[in-house]
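In what follows, a single structure is set out as structure tokens and then discussed.
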Amino acid sequence: MSILTPHRGTQAVYAINPVAKIGAAFVLSLTLILSIDWVSAAVALVLEGILFLWAGLTPRVFFLRTLPVWIAAPAAGLTTILYGRPSGETYFQFWLVHVTDGSIELGIATLLRVLAIGLPAVVLFVTVDPTDLADGLAQVLHLPNRFVLGGLAGLRLVGLFLDDWRSLKLARRARGVGDSGRIRRFASLGFALLVLSIRRGSKLATAMEARGFGSPIKRTYARASTFGWRETLLIVIAAAVALTAVAVSVSTGHWNFIGSTG
Amino acid sequence: MQTTTATLKVASAAATGKYRWRVVDIIVASVIGVASGLIFWAWGQAWNPLSAPLEALAPGLGALLGGGWLFAGVLGGLIIRKPGAAVYTEVLAAVVSMLIGTQWGILTLLSGVVQGIGAEVVFALFLYANFKLYVAMLAGAGAGLALAINDLIVSYPGSDTPFVVIYTVSSIVSGIVLAGLLSWLAVKGLARTGALSRFAAGRQASVRV
Amino acid sequence: MVGGADVSARGWGWRHAGRAAWAVSELDLEIAAGERVLLLGASGAGKSTLISALAGVLGGADEGEQAGSLLVGGGRPEDARGRVGLLLQDPDSQVMLARVGDDVAFGCENLGVPRDEIWRRVASALDAVGLHLPLSHPTSELSGGQKQRLALAGVLAMQPQLLLLDEPTANLDPQGVVEVRDSVARVLEHSEATFVVIEHRVEIWRHLVDRVIVLAPGGGVLADGSPEAVLASRGAELAASGVWVPEYPPARPARASRASRLGRGLSATSGEAAAPDCGRQGGLISAQLPRVAGKLAEQRWPIERERAGVGAGAAAAAADTRVDGVLLSARELAVARMKGHPVATDLALDIEAGTALAITGANGAGKSTLALTLAGLLAPARGTLQASEAFASGAASEPIRWKSRELLTRVGTVFQDPEHQFLAQTVRDELAVGPRALRLPRAQIDERVDELLERLRLTRLAAANPFTLSGGEKRRLSVATVLATRPSVLVLDEPTFGQDSRTWAELVALLAELLDTGTALVAVTHDAAFVDALADREFRMPDRPTPSVPAPAPADSQPHPTLTPTAHPLPDLQITKSAPKSRGKGGFRDPLPGARAGEGT
């Protein structure tokens, strides 16, 4: 469960309805993917950087949790520099590799965009409690509650799956097949995990059904999930960041709708 | 998903319509989604070093690994056999890997939705009545195509034509093999273990064995 | 609490979809409102099917076929949601939500109980089961016994008129068993609900029920009446079918050679301590055996009969590669499942050929972690674990550096959950995995596999998928897979957990024979009877300085309950105190006089 245990941070951020956090991340991300240009990404990134100061994360937690994004961004940027649509002066060419002015600009834009999209999502999700998320999805967004709660119950099994995974690995070593090829071992472990998890799932389904889950009675909720001014504010902030980024990009002539212009 | 919710509202508890999700369907689909989400996440961690040599061979060839994020939907569809199963499992898997933390942030969720629909469309075309190997492979191909479209817009918007072609073909091939073929084999193996005894997918296979 | 619901079965039967045989058939049964019933029967008699049906969770028409009628409170069980509460066996599969309060509230939410009323019920249900924890306490940090009590609270909050328990303590350690039993007892004191429990350990519930019903394997009821009457008339029969009946404990192997083995293997064995042990054991066996002998003799393992002529058999054939003396020695050993988080430190112990070492201790003390480290599967966090030169026989001196294949002939590990070790599609292939990894010639592999199939009564199942076996069969198979490569050291993690008395007896007899041929045994166990029957020494894990579970309810605080899950022939037997011979921080008992050890340290 450790990976999915929310980081509480400050109460102000933790207490915001997770639905609003997802909404904010969506508003921001969906706006930013509309264009690939370094200006909109950079503007968004700077504004986000300022807002992160209120996210309630220590620098250590922030960098630990966002590390994958910091690794992925340069990787994605480099791919685009090497293979991006060529334009302007050519610096280097080998087979399909074609480094040009244009591809370098696209590459930098890609790098910034990955950061601008990835970082706020991680920061917002680090403080999401799955139970609160499910409450929000069912009560605020009115998604079908059987599916929301089923997903939530499945999520609770993550800790058990990780334990299973460790035991399965040890057991393979004990059975004399622990040194076989990596791919074969991964496939065999994945399958075994699937068998164990489906069995667990079937048992869990019986237990949940025995507690009235899925009955035709209209369900009540022990915890209220509300959408108030804090939630609205968060979405407004996200929209403001997105609009500012677009406005600056368009006004400086950098806006590039889904990379339509090289 | 639309049709699913509509069906749920119409059907009372007494109804045992073919398309109605039982509790065990929902929970096992959830469990598959969650377990797949863990594998998605691990796959994402391994993806960068693995894709680098492929990319060095030809740009876009890294998409050959994309199937590692496509199998959840096909697997869910093959086991549950209900409308929405592919989308539900694929989305849930994406959400789980997103909550753990991926480099793609909220866009992971978007990928999940798009890829799930890619597989779902194929199962729907066969009216949720045919789950043979070729259907599984087609569903994998559908998910692969969806992945390519989504990635080329979201992640590699500035790409040149050779990259687009290689990326799309690689995604589809990967979808067919990693998501289609492997999922079908997994369901066959699962049926033999008796884990699917409460599902039509498990009972048919076990009769054959 | 609300009143009870009655149960009525008329010619009732159920056949699971895709099966040829009926799980239950021709059942006629009336249970009056408020009755307390213990439901017994051999494995496969359909107990669980019946209880699932009563709870209305068997599934619809596509999942099986029903015959006759089954009514709860006059109505169909499916329509009685909320009036029937069901507690299942596996603690981990019954926790639905992440926080204690939310989990208890779950059932009430589904029944549409208003919010204020839900929280009132949650509080009183938690109180009823004696789980005094904050509502926001994470459910993932509960012990097995606490999880079961939590699930019970969730069931009680629904205010059921029929309370069903399906082997609720089978996956629990002795402490958990007592916790759950006491909670149920407390609940029943204040309840008028009808109560039905399935359990293969009779003594846990016999004093809480007023009626015992035994289901016949073919269908119908075999016996029905007061606990005393049924156990008196059918006790021996039930014991033979695997039910733990206190008056008929499973046979234990006569271990006359223990003294001589000790003399060979152990340096410091005091005869005065060993003697009373043998005496007691001998006495027990002679006192108890005759009564069950008739029933058990026909089912006893071939080993038992072959024992006189130890010339044939896997274990005997393995003896040619045996090494004597100390095989493994640990010094200042710290063990950890995850890097940087040692669960036990400063351990010192030796594993000697031909002797059995029991590792005991509280939950979370690191027993399994130690066992897996000794088995060469986990790297020591600190300190050393050295294999003797003869034992390593050419491989590195630290087991963790052995190749996976090198482990096979040296250390065999039987995991707590057999399913974790299964790799193949059939039982036969499963047994061949190890020998194949050793690259033995085909003929030899077949020979070993056939022999093991025969000895562990698995021949009939050779073509079956390992995952489809019953609990006892899975356990036998997991042991057999390990024996196929004939390791010098056998490490077992809770080998008798949840096993019926028949499998228990078979397992103990087999292990005793392996010991006699020089195999070293290391067993993590909570099972006092197992320790008593086999262990030469007991290594008690030092208690952890900071327990992960916060202040437990009063029922938790007994370190060792007087009630043990395994049928002990003498329930009132008190601990035989022995001066523990301490090495390191872990307590060593060397040898084991009473073996009901643990108390007082």
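Just so we're clear, the structure is a prediction, and the values are computed from it rather than from any experiment.
When heavy atoms are compared at a cutoff of 4.5 Å, C:A157 does not approach chain A at all. Interface remark: A:R172 contributes backbone and side-chain atoms alike to the contact with chain C (heavy atom separation under 4.5 Å). In this structure, chain C has heavy atoms under 4.5 Å from both the backbone and the side chain of A:D164. If you measure heavy-atom distances from C:D103 to chain A, the contacts under 4.5 Å come from both the backbone and the side chain. Heavy atoms of A:A192 lying under 4.5 Å from chain C are absent altogether. Contact of C:D102 with chain A is made through backbone and side chain together, with heavy-atom distances under 4.5 Å. Heavy-atom distances place the backbone of C:V84, and not its side chain, under 4.5 Å from chain A. If you measure heavy-atom distances from C:L407 to chain A, the contacts under 4.5 Å come from the side chain alone. In this structure, chain C has heavy atoms under 4.5 Å from both the backbone and the side chain of A:K203. When heavy atoms are compared at a cutoff of 4.5 Å, A:A224 approaches chain C by way of both its backbone and its side chain. Heavy atoms of C:L111 lying under 4.5 Å from chain A belong to its backbone as well as its side chain. Contact of C:A105 with chain A is made through the side chain alone, with heavy-atom distances under 4.5 Å. Proximity to chain A (any heavy atom under 4.5 Å) is shown, for C:M96, by both the backbone and the side chain. Heavy-atom distances place the backbone of C:P399, and not its side chain, under 4.5 Å from chain A.
If you take CE on A:M208 and OG on C:S93, they are separated by 12.0 Å, rounding to the nearest 0.5 Å. With rounding to the nearest 0.5 angstrom, the CZ atom of A:R173 is 10.0 Å from the CG atom of C:L408.
Among A:K169, A:R200, A:R199, the residue with the largest count of heavy-atom pairs under 4.5 Å with chain C is A:R199.
Under the 3.5 Å distance criterion, the side-chain polar atoms of C:E109 are left unmatched by any main-chain donor or acceptor of A:R219. Side-chain N or O atoms of A:T220 include none that pairs as donor or acceptor with a backbone N or O of C:P114 at under 3.5 Å.
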Check your understanding: Hey, mind stepping through A:R166 and C:L378 against side chain to side chain contact (heavy atoms under 4.5 Å, CB included) and telling me if it holds?
Key -> CA-CA 11 Å; A:R166 281 185 214 111; C:L378 292 173; over 6 Å; no
Review point. Can A:L152 and C:L97 be said to form a side chain to side chain contact (heavy atoms under 4.5 Å, CB included), step by step?
Key: CA-CA 8 Å; A:L152 179 65; C:L97 295 170; 3.3 Å; yes
Practice item. Could you walk me through whether A:D132 and C:R99 pass salt bridge (Lys or Arg N to Asp or Glu O under 4.0 Å), step by step? Key: CA-CA 11 Å; A:D132 298 341; C:R99 294 180 291 238; 3.4 Å; yes
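Classification of A:D179 and C:K403 as a salt-bridged pair fails, no side-chain N sitting under 4.0 Å from a carboxylate O.
Within the 4.5 Å cutoff, side-chain heavy atoms of A:R175 are placed close to those of C:E430.
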